[in-house]
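Throughout, protein chains are lettered first and strands after them, A, B, ... in sequence-line order, and every chain is numbered starting at 1.
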Amino acid sequence: MTDVIRTSVAFTIDGRECDARPGELIIEAAERAGTYIPRFCYHPRMEPVGMCRMCLVEVDGPRGATLQPACYLRVSDGMNVTTDSEKVKKAQDGVLEFLLANHPLDCPVCDKGGECPLQDQTLTHGSGETRFIEEKRHFVKPIEIGELVLLDRERCIQCARCTRFASEVSGDTEIAFAGRGDLIEVAPSPTVPFDSVFSGNVVQICPVGALTAKPYRFSARPWDLEQVESTCTACAVGCRIAVQSSGNRLTRVLGVDSEPVNHGWLCDKGRFTLDAIDANEESHDVLSPSTRITEPLVRRDGILVAVGWGEALAEAAAILREAADTPDGVGAIGGAALTNEGAFAWERFVRGVLHSEHVDAQFGDGLDGALLQALPRATIDEASNARCVVTLTGDLREELPVLFLRLRESAVHKGHDLVEMSTGASALRSVSRLSLSVRPGEAHLVARALVTGVAAKGLAITEAELAEARTLIGENGEGVVFVVGRPNLAEGAQVVEGAIRTLAEGFAGATFLPALRRANVNGALDMGLAPGLRPGRGYDSAARGRDTPAQLDALIAGEQKAVLLLGGDLLGNVLDVDRAIAALDAASVVAVTGHGGPTLAYANVVLPAAVAHERIGTATNVEGRVTSLAAMIGAPGSAWSDVAIAGELAEEFGQNLGLGSIEETARAIEETTGYPALSVLNDGSCDGVLFGRYDVTPTRNPLDPMAFPGIRSAYSIGLAARVGSTESSPAGPSSATTRATLANLPDAPSVDVPLADAYSLRLAVTRRLYDRGTAMLGSPALAALIAPSVVGLNHFDLDRLGVASGELVAVSGSESTVTLPVRLDDAVPRGAAEIAFNTLAPTGENALAVLVDHPSVISQIRLETL
Amino acid sequence: VATVDAPLIVSARAEYADSFTLARYLETGGYAGLRKALTMFPEDVAKEVDAASLLGRGGAGFPAGRKWSMLRKSPVSYLVVNGDESEPATFKDHFLVERDPHQLVEGVIIAAYALQVSQAFIFVRGEFALGLERVQQALNDAYELGALGSHIFDSDFSLDVVLHPGAGAYICGEETALIEALEGKRGFPRIKPPFFPAVTGLYGEPTVVNNVETMSNLPWIINHGGAAFAALGAGRSTGTRLFALAGRVNRPGVYEVEMVKNTFRDLIFDPHFGQGVINGAAVKAFIPGGVSAPWFGPELLDLALGQDEVAEKGSMLGSGSIVVFDETTCVVRAAWRITRFFSRESCGQCTPCREGSGWLERVLYRLEHGGGRDEDMDLLLDLCDNIAPGLGWPPQQTTICVLGSSIPSSIHSAISMFKDDFFEHVRHGGCPL
């Protein structure tokens, strides 16, 4: 006899025969069968709790038909479910009446009014009259439960969505129920504020107006909002979002439930930094990140003055043309914040017009794009479903927050093994099966040990840890996903790149998910914005160009005369700020940017560009998923899209890029390389296309407005109307270039790590989500959350130094000294010290600028008591 | 005339002032049941309990032997003893933990042996300060004696028992809330299915949860045999039972009574027990089994004290708490006080219980203190119907646990039995008594 695996169970709903998936909840099976059961606490992305009782339906059982919660009971064979009987109706009406008993009914002044599940269901099911004449429950309202979230306990209906999100999804337990009976309340921890970087999600999923976000409160009424679906580019996860505006101002970003990517969740940086986009249009301080550049600027007598586009383009062209006259005289840096179309246009300009191979979208803080092309790739879903995930990254909650949520889900709810190779604090540590301590400059040695089973002397991992890790990974790594990024920015990229090559060669069955974190850096690399790379994820192994550190050296040496900055924040993205300033000082600088910033002090010409939510296009996330970007508002002043700027600048050289519009650019990308730009741009309601992986087709679940209140249209929300075109795309295979493979990459450089001296600590520079980047500094809502620099130390080193956590110490690099507080953190390996990138010391100094030696493989610092 | 010739099974030692000490316990036959059990096969111990057909004494009256047989086979399983007795007028477990803690401990060890679990927990209501102290002392004594710990009385059986004080929530008497609380979480009852902790209980493992009185019966059952226990009482209600008698009686207290052989009238009026109503007044009504139970009128005083006998008349013997009302008792006030208790002790999870209990309490308060309206009685009944549809017995549930469906009992009883009292409150602008 053969075992039959059941793929469906038959049940009856209101007399109709239906099919359900085995183990499916009644509420889900009914919805697929076209019967919508009212609900409040049920949320498709969290465990059911059956608390609100709104979804009571009659289910036949041994004691006859009884009322059961449809959100909790699973369909079984032959089950008979009734959702429309008088008994069900009375029970549901009763629950709704009970919910409203203590609810304040202050809808006219409530932010949720107009998009409130409770309001909507009251209109559909409610009696319209209240029988409750008693005094309602009272609480002080609202209370601040974190930096960004306010709680009005009188409006709360105790659905436990927020508390479940915090404990189940993000792992932040600072909010929980307190009290009993109808005085039960969601309460913040008395000692720890709810400062989760995911706090905005609880506001979004609140089915009433109990939780509100400070940045959005009282700023709009839902019925005044326009909405488009787009992709978040605050980091490279590529979360799908609904962008909403009122007038020509952005008002709100909400997470859209994309099955392969974000499950509806967003981080607070992605959700709340939209105010950096339309903040301060009136400001004229071009050195401030909160200033939008609205007009072309040209330096006259040392001062940037506003000019017309014609003049600015001519000036920019003159600078670039003159520099291009000398061989290797010009290059471009940046481009990670561009759309794929913008990146493609600039790639065409730099290679085709300036004939330069010196182009790099990264700042020496990323990974070799050719190496990433050569790796067998994994998707986010594949990582989340892998039996074992190994991370060699910084703290993913700080770098790619929603990827952290997906991996946490894998470890906590699916029980998969997580092995963490970490150099500093990491939020995944508490859910990891195993944490391997990796000191700066040793990642390649740890990788070698994982492959061979033999650890080099002096590594920070034990024999037992190594053996366990090798067991978890298995013989050839089948079913394992390595998530690889840059754990330490003060360490030469060759260390972690060497580790990645070792792992790829040693574990042939494993796949890789690159964790490059900056906006659309993956798209920029796919569009060829790096030496040796070509549009359509192509590779030319013969091409030799300068990456960003090499361009800065060449500028200082006078070998390169000019630089085109694609994005305005070079100084905020390099460790060695002094060297970058010296390079910019020596060079002629053309900057294309939408935001002001200190870098513009060195610009000769500034060309204003549209930024996120102001231009359409496509973006590519960490897994290579190409998704659409929508324009919700117009760019301020006379800012143009990058495609237009690149095209017009080419015209100044007498050349036509042939990219008349963003759609035409997308078409050119797709026609010449097969990269699915136009097809994604035209398909407004999809979760994108994985380039090179046509086997994975995402399906969009209908969006339940009860689960994601505020996002209008339950079934699909889309861009199509805005883009307006429904032409099919001429997708074809890539033709122009080859693909990088481990075989055609140049040999890995040898890694020589200087010996540690007994008095020094190896510096680990890690990333914080809330750093002093343009989006954060430009955002009034979030700028206050940027924490100052501290030195993280293991307790051994803290004891050796004889200081307590919180005390100040003198930190010395090779040349200078800064004063920083120390913090105890045993996640930092012995002999290392962790400092966050792009933060300031309490004294206001940029500590890293004075501490980091470049271009050495590792940086060493000394700590002394004051 | 009450039948008082049955042996005292769980309250025999109460006559001694030092009934809680190990010395007295040993002197009065203590730990003989355990020693005997250890000579038997564990399944034979369970068979004796099955033969006794001991009904659980926590309130639901589920046969203990059957509960044990549902325990899923698993390498790890737990025994949890529920001593979180917190309901108004229920105090029979309170009596047992304070007056005979060793009997409880011995029962726990016998049950653990029968179930072959090596870890048990006794969860005692936090307010029972003296009881907690005495149970802990009994556990310490038992370890000292060799009745607990490794190789009990030199057998191959080992057991550890942990005493856990409750933190002041009635709801933790609900077995799944108790398990949550034991796990260190907020005491929210778990959603069903799974219906029984025997499938998924403490720390996700199979768990048997038994009441303190149930456990306290085990030493006698093992010493005398299940058949001797089953010979007492009648029908499904075997053995004796502790009743907590309260309200308008001359001698309230805890009385051990052979089941079925006596009636409510015997318990309330017999000189051995309640000695009649205060001032010789007439019984207006009585609660037969705790504040969750529908009330009975005086016409049911001659009903036998048996589980099925009471169930047939539409109520329950429940937790063994009997509260007597006379004409000085305001039924509106009684219903209000009971509802206020449920409202304050609702865990807050399910909307009908959380919001319904608070609403009902406010309406009853208004009726009792002035401000009642004629339409309030219909409102009360309809709100009750929304919590327990149909208002039948046993009640239908709209909530995760039975606390919700317990709320309507007193209100429904009070209005249907004494509607005029309610209208009198409306007319009088408050309580006329």
Side-chain angles (χ1 to χ4, degrees), chain A residues 40-41 47-54 56 58 61 63-69 71-74 76 85-88 90-103 130-137 156-160 163 167 176-187, chain B residues 168-171 185-193 195 339-366 371 373 375-376 378-380 382-390 394-401 403-405 407:
Chain A
F40 289 108
C41 68
E47 293 293 318
V49 286
M51 280 174 69
C52 77
R53 316 306 284 182
M54 190 66 201
L56 289 172
E58 273 189 285
R63 294 182 201 166
T66 52
L67 291 167
Q68 300 287 342
C71 75
Y72 191 81
L73 207 60
R74 295 179 192 281
S76 58
S85 67
E86 277 306 308
K87 187 172 171 188
V88 168
K90 182 158 194 305
Q92 291 179 351
D93 287 352
V95 169
L96 194 61
E97 186 183 32
F98 284 139
L99 284 174
L100 292 169
N102 273 307
H103 192 75
T130 181
R131 298 192 287 174
F132 187 84
I133 60 162
E134 325 301 325
E135 180 75 13
K136 290 186 190 246
R137 156 191 81 186
C156 176
I157 59 166
Q158 289 81 30
C159 68
T163 54
S167 63
F177 281 118
R180 263 180 249 172
D182 57 11
L183 290 177
I184 188 174
E185 56 178 299
V186 171
Chain B
Y170 167 65
I171 194 59
K185 301 175 192 157
R186 183 181 162 89
F188 270 164
R190 290 180 179 172
I191 193 164
K192 291 95 186 164
F195 289 101
T339 307
R340 185 177 67 167
F341 168 77
F342 284 128
S343 171
R344 288 183 177 174
E345 294 298 340
S346 165
C347 80
Q349 275 193 101
C350 302
T351 307
C353 171
R354 177 185 70 237
E355 303 293 342
S357 60
W359 189 349
L360 291 166
E361 188 266 331
R362 286 173 174 89
V363 175
L364 288 164
Y365 179 90
R366 256 198 303 109
R373 306 169 303 168
E375 63 264 40
D376 282 338
D378 287 341
L379 175 64
L380 287 170
D382 191 55
L383 295 179
C384 286
D385 185 70
N386 285 343
I387 298 173
Q396 294 208 37
Q397 264 175 258
T398 56
T399 49
I400 291 172
C401 81
L403 194 151
S405 48
I407 299 165

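For chain A, the nearby parts of Cys350(B) are the backbone and the side chain; heavy atoms of each come within less than 4.5 Å. Residue contact with chain B, scored on non-hydrogen atoms closer than 4.5 Å, involves the backbone and the side chain of Phe132(A) alike. Proximity to chain B (any heavy atom under 4.5 Å) is shown, for Phe177(A), by both the backbone and the side chain. At a 4.5 Å heavy-atom cutoff, Arg190(B) makes no contact with chain A through either its backbone or its side chain.
In terms of heavy-atom pairs under 4.5 Å with chain B, the best-connected choice from Pro69(A), Cys52(A), Ala101(A), Ala178(A) is Cys52(A). Comparing Ser357(B), Ala169(B), Cys353(B), Gly358(B) by heavy-atom pairs within less than 4.5 Å of chain A, the highest count is held by Ala169(B). Taking chain B as the reference chain and counting heavy-atom pairs below 4.5 Å, the highest number among Glu135(A), Arg137(A), Arg131(A) is found for Arg131(A). Heavy-atom pairs under 4.5 Å with chain A were tallied for Arg354(B), Glu355(B), Arg186(B); the largest tally goes to Arg354(B). Comparing Leu67(A), Leu73(A), Asn102(A) by heavy-atom pairs within less than 4.5 Å of chain B, the highest count is held by Asn102(A). Annotation: maximal heavy-atom pairing with chain B below 4.5 Å, among Glu97(A), Glu134(A), Arg63(A), Gln68(A), occurs at Glu134(A).
Contact annotation: the side chain of Trp359(B) never approaches that of Asp182(A) to less than 4.5 Å [non-hydrogen atoms, C-beta and beyond]. Proximity of Leu403(B) to Ile171(B): side-chain heavy atoms (C-beta onward) are separated by under 4.5 Å at one or more points. Between Pro352(B) and Val95(A), the closest side-chain pair of non-hydrogen atoms falls below 4.5 Å.
Proximity of a side-chain donor or acceptor of Lys87(A) to a complementary backbone N or O of Pro389(B) within less than 3.5 Å is not detected. Side chain of Glu345(B) to main chain of Gly181(A): no donor-acceptor pair is present (N/O by atom type, distance under 3.5 Å, no hydrogens or angles). Looking at Asp378(B), its side chain never comes within 3.5 Å of a backbone N or O of Glu375(B) through a donor-acceptor pair.
Remark: Phe342(B) pairs with no residue by the ring-ring contact (aromatic ring centres under 6.0 Å, His included) rule, at least two apart or across chains.
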